[in-house]
Structures are given as structure tokens and as C-alpha cells.
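Quick notes on the structure that follows.
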Amino acid sequence: MSIYSHKKIEKKWQKYWEEHELFRARDDSPKPKLYTLIEFPYPSGEGLHVGHPRPYTAMDIISRKKRMDGYNVLYPIGWDAFGLPTENYAIKTGQPPAKVTKKNIANFTRQIKSLGISFDWSREVNTTDPAYYKWTQWIFLQLFKHGLAYKSKIAINWCINCKIGLANEEVVGGVCERCGGPVEKRLKDQWMLAITKYADKLLEGLKEVNYIPQAQTQQENWIGRSEGAEIDFKIQGSGRNIRVFTTRPDTLFGATYMVLAPEHELVGQLSESISNLKDVEEYIAQAKRKSDLERTELQKEKTGVELCDVRAINPANNEEIPVWVADYVLGGYGTGAIMAVPAHDERDWGFAKKYGLKIYPVVLPYGGSTTFGNSMVQVRKEVVNKIIDVQPFIREGFNIESKFLNGLKTAEAKIKMIQWLEKEKIGACKIQYKLRDWVFSRQRYWGEPIPLVFCEACAKFHKGESVGEQTNPGWIPLPESELPLKLPAVKKYEPTDTGESPLSAMSKWVNTKCPRCGGAARRETDTMPNWAGSSWYFLRYIDPRNDKEFASMDALKQWMPVDWYNGGMEHTVLHLLYSRFWNRFLFDIGAVPAREPYKKRTSHGMILAKGGEKMSKSKGNVVNPDDMVEQYGADTLRTYIMFMGPFDQAVEWDPQSLVGVHRFLERVWTTSERVSNEAPCPKNIIRQEHQSIKKVGEEIEVMRFNTAVAHLMTFSNTLYKLEKVPRGAYKTLLVLLSPFAPHVCEELWAMLGHKSSITEEKWPAFDSALLEEETFELVIQVNGKIRDKYIVSFGITEEALRAEVLKRPKVEAVLNGAKPQQFRYISGKLVSIVA
RNA sequence: GGUCCAGUGGUGGAAUGGUAUACACGCAACACUUAAAAUGUUGUGCCCUCAAGGCAUGCGGGUUCGAGUCCCGCCUGGACCACCA
């Protein structure tokens, strides 16, 4: 008995695939194209983690199967290599990040290659390579020129540990997403990208793609579109207005007070008229001291303070209403101020109850009839008043006590109110998004330099050649011929104590000439965030060595969009949104052919350590795939990872279960010794062969890899038990198994005498006529309980079956002479009798 | 607090409304062996000495000839969002 030695065969076949360029995507192929994509890894110093192979193997199986189906598949790999861990390592050890990155990439390459993933390595990209980031800078300049990049002094989230500004999205639960440390607000001049201008396009685009539902709704929620109106409320005797945003303009008649966010500028402007200014200032100071975390944690008890002697006018009914400051209103959303309608909003209701503010219902629930006499409205209003004593009425209904809105349904009332507001010039229709602009500056070294200089002379004397220059006076883009703007070598990698990037300390680099006027200018010293390079890498794979363009339109037309993108749930909001934004922008300027970059998005679950914990270096529970490859081989590791559990769910790593898969592959191996050309292939084997072709193929397509492996095991076990194994059936087993365990299948395929690679085989077709069985086990239920089973042939008529079934002793015993009231036959499955 | 998802043997998990527990792991007995490992064979939800039978998919109801699957209410766990006006 020969022994299956993965060490001998795996290296051999990996070399064979590489030498024969079997996984090269062809730009000139007549076959239909398929672009499969995984999220390219960040090459950390720790090396690969067992979590990585899960998506890589899954998409590898799909890519290999699709090649066998006759597709020209592009399945590329690269490195998202800018980032903090490398920079922090550089700070600690003094080694240049570029050097560390190179070493890490070499290690990742070795590890990934040892898994036998069918990547097209000839298209490898690296975000830190100047030949790559030249085009990241180029795309940024296009955004700048089209007025989508702007500098803004805004309060940003500042991580005290990392000494770095964070995007809103990177602050999770009030703490830094990277280090978990505290975050404070700081004012800083930042480059921003106006993604909000694309909010509608990004929302619309979701209609033409096929994403898993969670990804779809997460994108929608993040963009957070809501339709409503902006309304101006006059402040009594000051000439100033409070502008609010509301989604319920129909409830304007029920607005009984107003609330400003503590950050709202009006508080300062009105200070002279506020009689209790000291209390108000104290409250605001308190609110500022609260972190975002506290402000959201203290959700139950709302707090606030009235601006005494400040009164606003409700423009609908000209009533005077009080104005409050409360931190349940957010400075960053809408206008930072609200009209409070406590009868019809949960938060306003809670606040009004606590502080004894007026609650005035103006919407009644729909009744059975849409027309109500006055007396009926009166009765219903009393009922509603009672209800509103306990809880607000927040659903739709019809208006009362609202003059020209009376009797209208909510939807109609909204429209009518907006028309009225516009006519009176006190308000207008408004669409509001939760999405914020993207903070694009980092005060860090290890990122793409921003290719702009600041020229004081140009700021004063030149109008600027593009929208970007006009909106950012003095900021001049580098000409394309000066790209890439390379990262200079520095001595120290720490951000400076003032929070500036280490580049700012390099006066030689910073002080330069203005490309516009030739005068003295200073370079931008901030760098781009991590997300920049990963926002367009899927475009570069298509034409990775092009030095004239980021990718040629011809090549882009051939490959875009990505047909199938699989990645982690942690990236379904930000990375997906940012890269969709860049792609859509490039589409709008005519640089790419597809409106949406990804046709289909799926997601894999995490691999957890034993006990359900996340694997992490600090817990010391990280499983290194190297050890698994060494001990059992890549084929076992790959197949096991697919077999562990449903692909989209989290699974616990269980080293004990690995041996089961290893035994399975060993049995496939030893079965080869009994393969015979003469062995007849019985009908039941042929049937199982065709059932396997059908099931395994279908299950790969829908990512049900665990059951696909189970079917392969069942088929393999059947063949294993035969004394002589029919050659055809065994060949089918190898072909079906080859996407999962490619090395061992190649070796066995060659041992059968084949001269070409199994990857060049066609995926077999099944014959539906051969799938069907001739007999089945009939189940007999009496009154819902299984009483008997026996084998019958498929051809039997219902009449004949009925006669047989009723004579079965067990059935007779239960019926006890009674005549069945119902006899139901579910063809090919069971009989259900009701006595 | 909201939204979504899940709860099935000792374990990971299978089941177009139609035989619950496929496929594995583990465990037990046996075979091979001086012995062990490896391998193979058989068994393995619970109650019952066997058989017959009964009971089992978080809990309680409902629909149905038939419910793990559909509906209603609850319990538990996870993921995401978190005062979005």
C-alpha cells in the first residue's frame, strides 16, 4: 500500500501550475470572462492566520470550477500594505517601513503559495509601490480638480494613543477602532472627500447589484437617506432664525417647543437675551465633557436646560414656544436643531414628560372610515389624549387642529405643508443623509503623500485652473509628469508632538517650487488613509503594468465589473462604500466603463479559536496555517476549512476534526490501487456518480461547501468499499474533488496515466435520466404517526398501492377494522392515512 | 432600546412542509499486532434487560393528513446599529 505523502506532491504541482501558467487570465481569450475577487490582505508581521484561507479557498474552488466550466477567470492577488502596524513596528525598531513591508510580503507570498490557491500571480499589485500609488495620487487629483476634495477646519476625532485623526467611521462605540483607546475632539485642518455629493448615486446603484441582504441594508443605513423639510422659526425680538430639519412637516402645528444641540452656534449669539446664561453655559460645558460613548449610553434619562426669555414663533399658528438646549439633539445631524412635537415623537415625548412641556396632538389614527364628523373627531381626540398620556402616537394618520391640513392623510399633509412653506418662504423640501464627508488626511508617514503644494502667491493672485483650485485657494496640484510623488526617507517615523506628520520635519522636502508660478511653496505633509489604495485595486489588477494610465479602457471593458466579490462583514460598510464611490466618480469622468464595480458580494464567517473566542496574538490562541500544511498538507487544510460549517457563519477551530478530512483524502488515495478498466459499473454507482455531479456543482455555486464535501465523502466511501473500482466513476470523483484538494487530485490523475493537468478537464455534466432510482422506501403514516415502511417500485399505481398498504399487518392492527377516512399518497415518498 | 440572524445527539453540523439526527469528530466493542499506533468491522439521541412501544429539534400555543421547517407569544445567545428629528 502506497502512502499519501503531501510533502512530495504539493510542491511539485504548485511548480507545475506556475510553469504552465495554468491560472493566467488571458486578455485575448474568446471564452466568456469571470472576474472573481477576494479582499487583498494586509501583510502583517505575524504572517498568515487560519482565517485568511477561508475566503481564499472558497473563491479558489469557485474559480477552479468555473475554469472547468469554460470561463476565462481572473482571480488576482495583491497587498494592501500601507498601514499603522507596519509604521508602529518601524517606530519601535527603527527599520524603514518599506523594508519591513517587503519582508512581510515575501513571507505572505510563501504562505499563500503553499496553499495552492489558483491566483494569477502575474498581476500582483502592491499599494506601497510607487508605480501603484502614482495612480492613487492621480485619482486623488482628479477628485480635487472636480471639486470633490476640500480642506476644512473641523472637529475631528483624535485618538490620544495613535496620535492620529480618525474618520467618524473608525470610531466604534466612542473608542478608537484600532487600539480601543479614548478619542477626543480636536480642531484640525483636514482634507475631506465630498462623498455626500454621491449619496444618491451610491444609493441608486444598490438597485443594480446583487449583494447579500446584510451588506445591502448596511449600505442603505449608512447612507441614511430621509426626506423631509427644513423650516425656519423666528426668534422673538432678535431678528434671528432657528432652522430645523424634520421628516414630519405635517406635524408642525403640534410643535410645542424647540431644542438646540449644545454645540449650536445660536446659543452664543443669543447669550445676551438668555436670563439664565450661567445655567446654560454650565450645561453645555457638561455635555462637552461627556464622550460620545457617555452621551449615547445615557440614553434613558434625557437632560436639558431652557433658554429662559428666549421664545420662538411656530410659523404655522404664530404661537410662542420655549427654546431648550439638550444633548439628545446631535450637532452633526440635520441642522443641529429640532422642532419638538412631543405628541408624535418618542424622544420629544419623553423629554416633554420629564420637564412638563405641552403635548398637543395633531394626528389621529385612521379609523374604519376616512370621513369623520366633528363630534367623532372630538370623541377620538379624547381617546388619543388618553393614549398620549402613556405614549406618543408616532405612526401615520390624519391631521386635526391643523387648519389647512385638517382631514388629510399624513402623506398628503406632508406635501401640502411643504407647498405652503415654500409659498410663504419659511421652509423647503429637503433630503437629509446620515452619511458624512470622508476625512482623507492622516498625520502619518506610512501612506501615500498627497500631491498638492500650497503657494501663497497663487492664493492671492491666481484664479485657479480647476474647481478644486478655486474652492481651495493657493492649493496647486502637481502636474502628472511629477507623479508619483515619492515618500522621502525620514529618520524618525513618529508623528510629531503637535500631531503633524513626520514629513513636516523635513524642510528640504517640504519647501519646494510652485508648479504654477514657480514661486516658493510648501508641500502638503499629511498622507492618505489606508482606504485610499484599496478603493481602486480591483481596477489595477486588470492592467497592472500600464505606466500610461491606471488601466486602459480596452482592458477595463473586457474585465469590469467584478463578477463576484467575497469579503468579511467588517468591510461591508466602509471599504465597499469608499470603493464604490471612487469607481462611480471614475465612471462619471469617463475613466471606467461600469457604473457599479461589484456585481455580486458575498461574505464569510470568522474562524474562532476553541471556546468561541477571537484569535489574537495577545491571547496566544492563533493557529498558524504553516503548521497545518506541514503536518497534514494544504489539501487537508483547504478541505477541512470548507467542511467545518456553513461558509457564512462563524466556526470554531477544532484540530481534532481535521483528521477526519485527512482520512478521507487518504481513502481517496488508496482507492486508486483498486481502479480497474474491466470493472463493470453497476447502475447504483452510475446513479450516485450523477447525483454527486449535480449536488457538488450546485452547492459550490451557492457556497454550500460543507455539504458539497459531505457528498464527496459519501461517493468516495461507496467506491472505497468496492473490490474493483470502475475507472470512470473514480475519474469523476477526482474531477469533482479537484477544486477542493487540487494537489492530490493532480497526482492521482497523473497516476491514472493522464498527460495533462486535471485543471484542464471539463466539469462533467449529469444526465437527469440517470439520477432517478427505481424503488423507494414507502413510509406509511396513520394519524400522523409512522407505522410501517417497505420498499416499492416507482412505477406502482396508487390503486395497487392502496390495496397493498391496507393489507399490511401493522396498518391493519392500527386501523382495527375501521375504514380509513382519508388516504393520501405523496408520490415517491409516503402514504398518509386518517382513520 | 431598535433591526437582523440563530437555538437540532457528547461535539461540528445535515434535512424543496413528507422516514429528524446525512457527513464527520468523539466514544465503545471486536479484528489485525508480542504490544502500541495506524487501519478495518460493528455499534452509538433518550426511556425500556430484549422486543414491542413511547419520548425527543429552547419554551408555550396555532395552522396542517403531516411542522426542525409556516404563523402568534415568550426565553436564551450572537451580529449590526445606537437619541438620525
Side-chain angles (χ1 to χ4, degrees), chain A residues 1 3 172-174 213-214 217-218 221-222 224-226 228-229 244-249 251 255 258-259 261 292-293 295-300 302 326-330 332-341 344-348 350-351 394 432-435 569-570 572-573 605-606 610 612 640 643-646 648-661 663-664 666-667 670 704 706-717 720-721 776-786 788-789 810 820-835:
Chain A
M1 190 195 270
I3 293 163
V172 175
Q214 295 109 295
T217 47
Q218 277 191 45
N221 292 342
W222 196 263
R225 182 183 202 270
S226 46
V244 302
F245 171 71
T246 177
T247 53
R248 292 292 300 272
T251 62
M258 306 196 73
V259 186
D292 282 1
L293 187 65
R295 227 167 120 167
T296 51
E297 254 182 0
L298 294 171
Q299 48 171 311
K300 279 173 194 156
K302 295 196 189 337
D327 64 7
Y328 81 91
V329 172
L330 306 175
Y333 183 74
T335 60
I338 60 156
M339 65 179 210
V341 186
H344 307 293
D345 181 277
E346 216 153 352
R347 291 150 303 173
D348 298 345
F351 193 76
I394 56 178
Q432 189 67 46
Y433 298 95
K434 278 191 233 174
L435 185 68
M569 266 330 270
E570 69 275 21
T572 50
V573 178
M606 254 198 300
K610 196 102 195 153
Y640 172 62
F643 183 60
M644 290 173 86
D648 56 357
Q649 276 172 37
V651 282
E652 279 178 39
W653 184 258
D654 180 6
Q656 271 196 321
S657 303
L658 206 73
V659 303
V661 171
R663 290 205 274 247
F664 158 57
E666 273 182 333
R667 282 197 295 267
T670 51
R704 295 174 49 109
N706 55 333
T707 51
V709 173
H711 286 125
L712 287 166
M713 285 173 167
T714 309
F715 185 35
S716 159
N717 286 344
Y720 183 71
K721 284 180 189 141
F776 69 98
E777 191 178 36
L778 180 78
V779 174
I780 303 168
Q781 287 185 357
V782 182
N783 290 337
K785 285 208 164 143
I786 293 160
D788 200 6
K789 298 173 190 177
K810 284 184 182 172
Q821 293 179 9
Q822 197 183 87
F823 184 97
R824 196 186 294 239
Y825 172 48
I826 310 300
S827 179
K829 284 194 176 121
L830 58 71
V831 157
S832 179
I833 300 168
V834 181

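No hydrogens, no waters, no symmetry mates; every other heavy atom, side chains included, goes into these values. Below, chain A is the first sequence line, B the second, and so on; all start at residue 1.
- Annotation: the span from A:Asp348 atom CG to A:Lys302 atom NZ amounts to 9.0 Å, rounded to 0.5 Å.
- A:Met569 has its CE atom 12 Å from the C1' atom of B:C81, to the nearest Å.
- Distance A:Phe245 CZ to B:C84 P: 12 Å, rounded to the nearest Å.
- Taking side-chain N and O atoms only, A:Tyr333 has a distance below 4.0 Å to OP1 or OP2 of B:A85.
- Between A:Tyr333 atom OH and A:Lys434 atom NZ the span is 7.0 Å, to the nearest 0.5 Å.
- Taking atom P in both B:G66 and B:G62, the straight-line distance is 12 Å, to the nearest Å.
- Listed candidates were B:C65, B:G18, B:U19. Nearest to the side chain of A:Ile826 is B:G18.
- With rounding to the nearest 0.5 Å, the separation of CE in A:Met606 from CD in A:Glu652 is 11.5 Å.
- Taking 4.0 angstrom as the limit, A:Asn783 places none of its side-chain polar atoms (N or O) nearer than this to OP1 or OP2 of B:G66.
- Going from atom CD1 of A:Ile826 over to atom CG of A:Leu778 covers 11.0 Å, rounded to the nearest 0.5 Å.
- For B:U16 and B:U69, the P atoms lie 13 Å apart once the distance is rounded to whole Å.
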Would A:Phe664 and A:Tyr640 satisfy side chain to side chain contact (heavy atoms under 4.5 Å, CB included), going step by step from the backbone distance to the final call?
CA-CA 10 Å; A:Phe664 158 57; A:Tyr640 172 62; over 6 Å; no
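- A donor N or O paired with an acceptor N or O is found under 3.5 Å between the base of B:C65 and the side-chain atoms of A:Ser832.
- Here the CD atom belonging to A:Glu666 is positioned 9.5 Å from the OH atom belonging to A:Tyr720, to the nearest 0.5 angstrom.
- Listed nucleotides B:G18, B:C65, B:A24 differ in distance to A:Leu830; the shortest reach to its side chain belongs to B:G18.
- Nucleotides B:A14 and B:A20 are separated by 10 Å at their C1' atoms, to the nearest Å.
- Nearest to the side chain of A:Gln656, among B:C25, B:U19, B:A22, sits B:C25.
- Going from the C1' atom of B:C46 to that of B:G10 covers 13 Å, rounded to whole Å.
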After noting the C-alpha distance and the side-chain angles of A:Thr251 and A:Met339, does the key distance pass the side chain to side chain contact (heavy atoms under 4.5 Å, CB included) rule?
CA-CA 10 Å; A:Thr251 62; A:Met339 65 179 210; 3.7 Å; yes
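- A sub-4.0 Å separation between OP1 or OP2 of B:G40 and a side-chain N or O of A:Tyr720 is present.
- Distance check on atom P: B:C71 versus B:A22 gives 27 Å, rounded to whole Å.
- For A:Glu666 and B:A24, the CD to C1' distance is 16 Å, given to the nearest whole Å.
- The listed nucleotides are B:A14, B:C55, B:G18; the one nearest the side chain of A:Lys785 is B:C55.
- A:Arg248 contributes a side-chain N or O that, together with a main-chain N or O of A:Ile394, makes up a donor-acceptor pair within less than 3.5 Å.
- Distances from the side chain of A:Val329 to the nucleotides B:C25, B:A85, B:U41 place B:A85 closest.
- Backbone-only engagement by A:Ile786 is indicated by non-hydrogen atom pairs under 4.0 Å involving sugar-phosphate atoms exclusively.
- Going from atom CZ of A:Phe643 over to atom P of B:C25 covers 8 Å, rounded to whole Å.
- Place A:Lys829 and A:Gln649 on RNA chain B by their nearest nucleotides, and A:Gln649 ends up nearer the 5' end.
- B:G9 adopts a syn glycosidic conformation, its chi angle falling within 90° of 0.
- Residue A:Arg663 has its side chain nearest to B:C25 when only B:A85, B:A20, B:C25 are considered.
- We find the CZ-CD1 distance between A:Phe245 and A:Ile338 to be 12.5 Å, quoted to the nearest 0.5 Å.
- Along RNA chain B, the nucleotide nearest A:Val709 and the nucleotide nearest A:Gln781 are compared for position; the residue whose nucleotide lies closer to the 5' end is A:Gln781.
- When rounded to the nearest whole Å, the span between CD of A:Glu652 and C1' of B:G10 equals 15 Å.
- Considering only heavy atoms from C-beta on, A:Val831 stays 4.5 Å or farther from A:Val779 through its side chain.
- Note on A:Ser226: only backbone sugar-phosphate atoms sit closer than 4.0 angstrom, heavy atoms only; bases stay farther off.
- The CE atom of A:Met644 sits 12 Å away from the P atom of B:G12 (whole-angstrom rounding).
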Pair pattern of RNA chain B in dot-bracket, where unpaired bases get dots and | marks partners in another strand, Watson-Crick or G-U under 3.5 angstrom:
(((((((..(((.....[....)))((((((.......))))))(((.....)))..(((((..]....))))))))))))....
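- When each of B:A85, B:A22, B:G13 is scored by its nearest atom to the side-chain atoms of A:Pro646, the top-ranked nucleotide is B:G13.
- Comparing B:A6 with B:C72, their P atoms are spaced 15 Å from each other, to the whole Å.
- Here A:Asp348 lies out of heavy-atom contact (under 4.0 Å) with every strand.
- In this structure, A:Lys789 atom NZ and B:G18 atom C1' are separated by 12 Å, rounded to whole Å.
- Look at CD on A:Gln218: it is 10 Å from P on B:A82, rounded to the nearest Å.
- For the OP1/OP2 pair of B:C83 and a distance below 4.0 Å, the side-chain nitrogens and oxygens of A:Lys434 include no atom meeting the criterion.
- Separation of the P atoms belonging to B:A24 and B:C75 is 40 Å when rounded to the nearest angstrom.
- Comparing the C1' positions of B:C80 and B:A85 gives a spacing of 22 Å, expressed to the nearest Å.
- A close approach under 4.0 Å does not occur between any side-chain nitrogen or oxygen of A:Asn221 and OP1 or OP2 of B:G2.
- If you check every strand for non-hydrogen atoms under 4.0 Å, A:Arg667 touches sugar and phosphate atoms only.
- Residue A:Ser657 places none of its side-chain N or O atoms closer than 4.0 Å to OP1 or OP2 of B:G26.
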